[in-house]
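Here the structure comes first, spelled out in structure tokens, and everything after it is commentary.
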Amino acid sequence: MMGTAPSDFIMPTYRRSPVEFVRGEGANLFDVAGVSYVDLVGGIAVTSVGHCHPRVVEAIAEQSARLIHTSNLYVTRPQIDLAHRLAELTNGMSSFFTNSGAEAIECALKLARKWGRTTKGPTATKVVCARNSFHGRTFGALSATGQPAKQEPFAPMVPGFVHVEYGDTAALSNAMDDDVCAVLLEPIQGEAGVVEPPADYLPAVRQLCDERRVLLLLDEVQTGLGRVGEWFAHRLFGVSPDVMCLAKALGGGLPIGACLARGDLAGVLQPGDHATTFGGGPVQCAAACAVLDVIAEEGLVERSHKLGLRARERLASELPDEVDVRGAGLLIGIALPEDRAADLALATLEQHVLINDVTPSVLRIAPPLVISEESLDRALDVVMKVVGESL
Ligand SMILES: *Cc1c(COP(=O)(O)O)cnc(C)c1O
């Protein structure tokens, strides 16, 4: 492996792998020596349409030659087009565009609190979230994140967040008092290690939210846009959110997120309530439109479902029983009996397969949805060999 040493002038917030990539194509990355790697990380569930998809490259090149930035004081065609495309996919939801997943969560939280205060009363500001959840690193999103270890160094958190066991309907019901304005959940917990709730959980949560007049905010930053073999993970469970956050795959690698709200909630945030200088810029939006086109035209949602099913069947049947294989579509967790994930990710890297050690004991597979069956099979062979040898 070849690359540049980490820089003294970059804050050491990441333990970076010892490899420097210079080019990407489809599901492959190439290092400085030209060596090809199969990418089962996908830029952390970002590059769903593959690295440097020609349609995305062209959209960015064309738009950046025409207009890069205006601010949101003016309308631009790419932003309008993207909002229309997302509305078509979501039965008419309205978008606020951001630069990241965490910012989409911030928007959802502000919308929920303003809605609670104006429709239920000034104390209806509490948000119920799940333990082990992940919603981002800004203060609102971090306060919603159910991981004390990520919060403690930065205490105090924003008040008004309550955490309950994920998948436990009774615990959620108990937490939903009159001061609650919203429930915020991932339909499948990604960073927790690809954790699926029981099949009846989200329908029960939806019903509780309706009965108690509470908004259901779904964080689909990681699970959205085909990753789980449906356009959105909530469709796997037959529920619809009131507010939904997207990001990761949306821009094909450019930074863009979106907070989407049901039609009747679209006017909760009024001029002056919320803003962003860069959010929804024409280049990001043009890239996102191209991404949505590619996902639809290349049948990537269906492909994610099919390849994911096959991959999970292979992994489950060929790995020993003490390894738990789980997930939906091409969002797959391999839960190990011991905290060996980091070592194993390094071992597959040496064999030119990239995999994410998302927790100390879970490896996560989230490749570009365009990955070929042969490429995926070969990479899974490497992963299974490395996991098998570690047991
Ligand atoms: C990655 C992620 C976020 C945060 O997105 P950023 O773009 O890193 O701010 C929020 N929620 C979930 C579920 C994520 O996977």
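Counting starts at 1 for both ligands and their atoms, following the listed order.
In this structure, His274 and Phe96 have tilted ring planes: the angle between them lies in the 30° to 60° band.
Near ligand 1, residues Ser100, Gly101, Ala102, Phe134, His135, Gly136, Glu186, Asp219, Val221, Gln222, Lys248 each place a heavy atom inside the 4.0 Å sphere around the ligand atoms.
At least one donor-acceptor pair under 3.5 Å links the side chain of Arg213 to the backbone N or O of Thr119.
Arg66 pairs by the salt bridge (Lys or Arg N to Asp or Glu O under 4.0 Å) definition with Glu62, not counting sequence neighbours. For the side chain to side chain contact (heavy atoms under 4.5 Å, CB included) test, residues two or more places apart in sequence or in another chain that qualify with Ala247 are Val221.
Of the N and O atoms on the side chains of Thr76 and Gln79, not one donor lies less than 3.5 Å from an acceptor on the other residue.
The list of ring pair (Phe, Tyr, Trp, His ring centres under 6.0 Å) pairs with a residue in residues 288-344, not counting sequence neighbours, is empty.
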